[in-house]
Amino acid sequence: MGEPIENHGIVGDLRTAALVGLDGAVDFLCWPRFDSPSVFASLLDDEKGGRFELAPVLDGARHRQLYLPDTNILLTRFLSHHGVAEISDYMALGPSQRLVRRAKAVRDPMRFRMRCAPRFDYGRASHTVRKEDGSLVFEGPDRALRLRATVELHLEEGDGTAEFELKAGEAAAFVLEDAALGRAGPAIPAEVAECFKDTADAWRRWTARSSYRGRWRDMVNRSALVLKLMTSQEHGSMVAAPTFGLPEAIGGTRNWDYRYIWVRDAAFTVYAFLRIGHTAEANAFMRWLIAREAGSETDGRLDLMYRLDGERELAETELAHLSGYQGSRPVRIGNGAAGQLQLDIYGELMDAIYLSDKYGEQMSHEGWEGIIRSMNWVAENWEQPDEGIWEVRGGRHHFLHSRLMCWVALDRALRLARKRSLPAPFQRWAEARDAIYYDIHTNFWDPVQGVFVQAKGSRMLDASCLLMPLMRFISATDPRWLSTLDAVGKRLVDDSLVRRYEDESIDGLDGIEGTFNMCSFWYVECLARAGDVKKARFLFEKMLGYANHLGLYSEELGPAGEHLGNFPQAFTHLALISAAHYLDRALSTQEGTPPVA
């Protein structure tokens, strides 16, 4: 069995991303885009998935990983009494797509082994491999990859291999690239060194543009770098996670494909980018989103998820030949939730548009025409049951969170129209917004328990209610909210870990999932906004301890603190940024010192 989920770092080039384990193996990579078929996926099947191994030949070595500060260049170190070795991994930023791996003997002579074993089309397709002027070309049914190196490469049962010795201070490099765009022949050390420098400089320039100077700056910057890695340079769209099939419960069936653009997740990512000054990413996504609005149905209804380029083909299928992470099957690609009704997406969309218009590029005429269509649709349809934010597969319900975000959608549309003097059916939208307000306070407030419940007619709690004060639907110190927050703390929270909801059966799936990292950061921010800043800080800093060794988070944490679900997950990192931003300001205000960001 390979490395667990949390024993990985991520590198990428704003097209796709690779996961690199503590053992030096690339265990996951889709090529050439996030939503393309995988070429390495040993994380999902050790035998059939494919892997790119590179490590020293050492027994009993201790493994360490770190990022070069303010970059997405990953270093994996092997420490032993017999010497010290280091693997550096990165993907080049620029027109030529390249995964670059460099092995170095830091101290004492060191012997290394490399094995490049791609498995095309999610491990479903066979391939051929040939030598070509010192490089290796792996050719699958619809794609060919070239491996160049500064050492001699060999063929072994369809894989590329190398075994070589380096003296202290010496290095060897491997470059994996598209065969049609690359060149035959060995890798050139000077080329690799220049690419390393250019990549490091580019990431550092990007990080330096952040406006955040507050507490926990390293964690905030790392989260921002993760979010940037999941952003498409070509399209401006943002995937929810770069992986598919990683389970929410070991041995369970909740194994989804997150390599797509959820309107909800991407809208929240815009909010996170804007909070720390990265307006270019917010503007690029808003242009992508407005293009989706322009292509929406004539009634204004949007799909809830798309591919990177805006295409809607997301048919869900199972990869029955893959054994799954620690036996968690089925492994799925595509996503059947694409056909669901999730009314909340309009609220996240409009909140992002409102903030982007304020801090980034202003709304275009065509964009506003699309918004009018969508808001008219929301005003007519907000009372429908839906599958909600958690994408339940056990039938539609009248969810509190969906109602809340419909209110947000109409509220932000009205605010934007008034601020920009844009034409709008003000009375129609205002009447619907106010009706939703009273509906929530009448049909979702349980006076006996003193809580806002998950769904109409339910007595259960749902952590998505934590967005009520964050979206400014209700005051963070309103008595109804404070009693709800207290109940969340007693019924959904274990220390700093927060479960999504009480009723596991509502999603229509077997098994029990882990705690949701995103909800933990929502809870922290709600505590801070309610005035309990010291407790919020305590829990926030405890949650930082659940990150992996590189500051990365998956979607969930299991009973032993293990990372579960697709990795790394945008939602967790953007929620961390939001909580850190507000908490830092609240602490500075409490201490009587001006915030630095």
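Note that the structure is a prediction, hence the values are computed from the model and not measured.
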*Asks:* Before you tell me yes or no, could you show the steps for D303 and R312 under salt bridge (Lys or Arg N to Asp or Glu O under 4.0 Å), namely the whole-Å CA-CA distance, both residues' side-chain angles and the distance that decides it to 0.1 Å?
*Replies:* CA-CA 8 Å; D303 287 358; R312 305 180 185 186; 3.3 Å; yes
*Asks:* Would you confirm whether the ring centroid of H278 sits within less than 6.0 angstrom of the ring centroid of W206?
*Replies:* yes
*Asks:* Do T76 and Q65 have a side chain donor and acceptor closer than 3.5 Å?
*Replies:* yes
*Asks:* Nearest 0.5 angstrom please: F34 CZ to R307 CZ, how far?
*Replies:* 13.5 Å
*Asks:* Looking only at heavy atoms, what is the nearest atom pair of I276 and A224, with distance?
*Replies:* CD1-CB, 3.6 Å
*Asks:* Would you say the side chains of R329 and T253 form a donor-acceptor pair under 3.5 Å?
*Replies:* no
*Asks:* Looking only at side-chain N and O atoms, does S402 offer a donor or acceptor that is under 3.5 Å from a partner on D344?
*Replies:* no
*Asks:* Is S328 reaching over with its side chain to a backbone N or O of G251, donor-acceptor style, under 3.5 angstrom?
*Replies:* yes
*Asks:* Return the minimal non-hydrogen interatomic distance between E391 and A337, and the atom names on each side.
*Replies:* OE1-CB, 3.6 Å
*Asks:* Using a strict threshold of under 4.0 Å (side-chain N to carboxylate O), is an ion pair present between D178 and R146?
*Replies:* no
*Asks:* So, do H401 and F399 have ring centers that fall under 6.0 Å from each other?
*Replies:* no
*Asks:* Check the side chains of Q569 and N517 for a donor-acceptor pair under 3.5 angstrom, ignoring hydrogens and angles.
*Replies:* no
*Asks:* Start with the C-alpha distance between K48 and R119, add both sets of side-chain angles, then the distance that settles side-chain contact (heavy atoms from CB on, under 4.5 Å), and finish with yes or no.
*Replies:* CA-CA 7 Å; K48 301 175 184 175; R119 299 294 182 262; over 6 Å; no
*Asks:* Keeping H549 on the side-chain end and H8 on the backbone end, is there a donor-acceptor pair under 3.5 Å?
*Replies:* no
*Asks:* Give a yes or no answer on whether the side chain of T71 reaches the backbone of W203 with a donor-acceptor pair at less than 3.5 Å.
*Replies:* no
*Asks:* Is there a side-chain hydrogen bond (donor to acceptor under 3.5 Å, both in side chains) between S323 and D45 once you walk through the steps?
*Replies:* CA-CA 5 Å; S323 60; D45 192 305; 3.2 Å; yes
*Asks:* Decide, yes or no, whether a salt bridge links R115 with D159 under the criterion of side-chain N to carboxylate O below 4.0 Å.
*Replies:* yes
*Asks:* Going by an N to O cut-off under 4.0 Å, is there a salt bridge joining D23 and R51?
*Replies:* no
*Asks:* Is it the case that the side chains of N221 and T207 hold a donor-acceptor pair, with the cut-off being a distance below 3.5 Å and no angle test?
*Replies:* no
*Asks:* Kindly indicate, with the supporting measurements, whether the criterion salt bridge (Lys or Arg N to Asp or Glu O under 4.0 Å) is fulfilled by D386 and R396.
*Replies:* CA-CA 5 Å; D386 70 346; R396 293 182 177 182; over 6 Å; no
*Asks:* Start with the C-alpha gap between F540 and F521, add the side-chain angles, then the distance that decides, and say whether ring-ring contact (aromatic ring centres under 6.0 Å, His included) holds.
*Replies:* CA-CA 7 Å; F540 179 77; F521 290 117; 5.8 Å; yes
*Asks:* Taking P330's backbone N and O only, do any of them form a donor-acceptor pair with N255's side chain (distance below 3.5 Å, no angle check)?
*Replies:* yes
*Asks:* Can a cation-pi geometry be assigned to R222 and Y67, taking NZ or CZ under 6.0 Å from the six-membered ring centre and within 45° of the ring axis?
*Replies:* yes
*Asks:* Cation over ring, R403 on W407, under 6.0 Å and within 45°?
*Replies:* no
*Asks:* Could you give the distance from CG (L176) to CG (L147), rounded to the nearest 0.5 Å?
*Replies:* 6.0 Å
*Asks:* As an exercise, state the distance from CG of L349 to CE of M405, rounded to the nearest 0.5 Å.
*Replies:* 9.5 Å
*Asks:* State the CZ-CD distance between R254 and E556, to the nearest 0.5 angstrom.
*Replies:* 8.0 Å
*Asks:* Between CG of L322 and CG of L43, what distance do you get to the nearest 0.5 Å?
*Replies:* 11.0 Å
*Asks:* Flag the pair F268 / F571 as yes when their ring centroid distance falls below 6.0 Å, and as no otherwise.
*Replies:* yes
*Asks:* Between N548 and E6, does any side-chain donor sit less than 3.5 Å from a side-chain acceptor?
*Replies:* no
*Asks:* Going by the ring pair (Phe, Tyr, Trp, His ring centres under 6.0 Å) test, which pairs reach into residues 229-251, not counting sequence neighbours?
*Replies:* F28-F244, Y122-F244
*Asks:* Determine yes or no for a side-chain-to-main-chain donor-acceptor pair under 3.5 angstrom, with N7 supplying the side chain and E3 the backbone.
*Replies:* no
*Asks:* Report yes or no: does T16 contribute a side-chain atom to a donor-acceptor pair with the main-chain N or O of C30 at less than 3.5 Å?
*Replies:* yes
*Asks:* Taking the side chain from K456 and the backbone from H397, do they hold a donor-acceptor pair closer than 3.5 Å?
*Replies:* no
*Asks:* Check E281 with K228, please: is the shortest side-chain N to carboxylate O separation under 4.0 Å?
*Replies:* yes
*Asks:* Before accepting this row, confirm whether a basic side-chain N of the pair D257/R332 lies closer than 4.0 Å to the acidic partner's carboxylate O.
*Replies:* no
*Asks:* D299 and R301: salt bridge (Lys or Arg N to Asp or Glu O under 4.0 Å), yes or no, with the steps?
*Replies:* CA-CA 6 Å; D299 62 5; R301 181 173 172 176; over 6 Å; no
*Asks:* Looking at L19, L225, L550, which hits side chain to side chain contact (heavy atoms under 4.5 Å, CB included) with I10?
*Replies:* L19
*Asks:* Examine Y306 together with Y260 and report whether their ring centres are nearer than 6.0 Å.
*Replies:* no
*Asks:* Minimum heavy-atom separation for A272 and L227, please, with both atom names.
*Replies:* CB-CD1, 4.1 Å
*Asks:* Between the side chains of R264 and Q342, is a donor N or O closer than 3.5 angstrom to an acceptor N or O?
*Replies:* yes
*Asks:* Might you confirm whether atom CD of Q384 has over 12 heavy atoms from other residues, nucleotides or ligands at distances under 6.0 Å?
*Replies:* yes
*Asks:* Grab the two heavy atoms, one from F120 and one from R143, that are nearest each other, plus how far apart they are.
*Replies:* CE2-O, 3.6 Å
*Asks:* Please report the closest heavy-atom contact between N566 and G245, naming both atoms and the distance.
*Replies:* OD1-N, 3.7 Å
*Asks:* When you measure from the side chain of S496 to the backbone of K542, do you find a donor-acceptor pair of N or O atoms at a distance under 3.5 Å?
*Replies:* no
*Asks:* Can you label the angle between the F516 ring and the W390 ring as parallel, tilted or perpendicular, going by 30° and 60°?
*Replies:* perpendicular
*Asks:* Taking the basic N atoms (NZ, or NE/NH1/NH2) and the acidic carboxylate oxygens, is any pair closer than 4.0 Å for E361 and R287?
*Replies:* yes
*Asks:* Evaluate the criterion side-chain contact (heavy atoms from CB on, under 4.5 Å) for residue pair R15 and Q97; output intermediate values, then yes/no.
*Replies:* CA-CA 9 Å; R15 300 180 185 89; Q97 189 168 20; 3.7 Å; yes
*Asks:* Suppose we screen for side chain to side chain contact (heavy atoms under 4.5 Å, CB included). Which residues come up paired with D218, at least two apart in sequence or across chains?
*Replies:* none
*Asks:* Is it true that the side chains of E555 and T572 contain a donor and an acceptor less than 3.5 Å apart?
*Replies:* no
*Asks:* Of all the heavy-atom pairs spanning L576 and L544, show the shortest one and how long it is.
*Replies:* CD1-CD2, 3.9 Å
*Asks:* Rounded to the nearest 0.5 Å, how far does CG of L461 lie from CD of Q454?
*Replies:* 8.5 Å
*Asks:* Short question: side chain of R33, backbone of L308 - any donor-acceptor pair under 3.5 Å?
*Replies:* no
*Asks:* Where does the angle between the aromatic ring planes of W377 and Y346 fall among parallel (under 30°), tilted (30 to 60°) and perpendicular (over 60°)?
*Replies:* tilted
*Asks:* Under the criterion salt bridge (Lys or Arg N to Asp or Glu O under 4.0 Å), I'd like the reasoning laid out for R412 against D351: C-alpha separation, chi angles, the key distance, then a yes or no.
*Replies:* CA-CA 6 Å; R412 302 306 193 266; D351 194 51; 2.8 Å; yes
*Asks:* Check whether any side-chain N or O of E562 sits under 3.5 Å from a backbone N or O of A560 as a donor-acceptor pair, and report yes or no.
*Replies:* yes
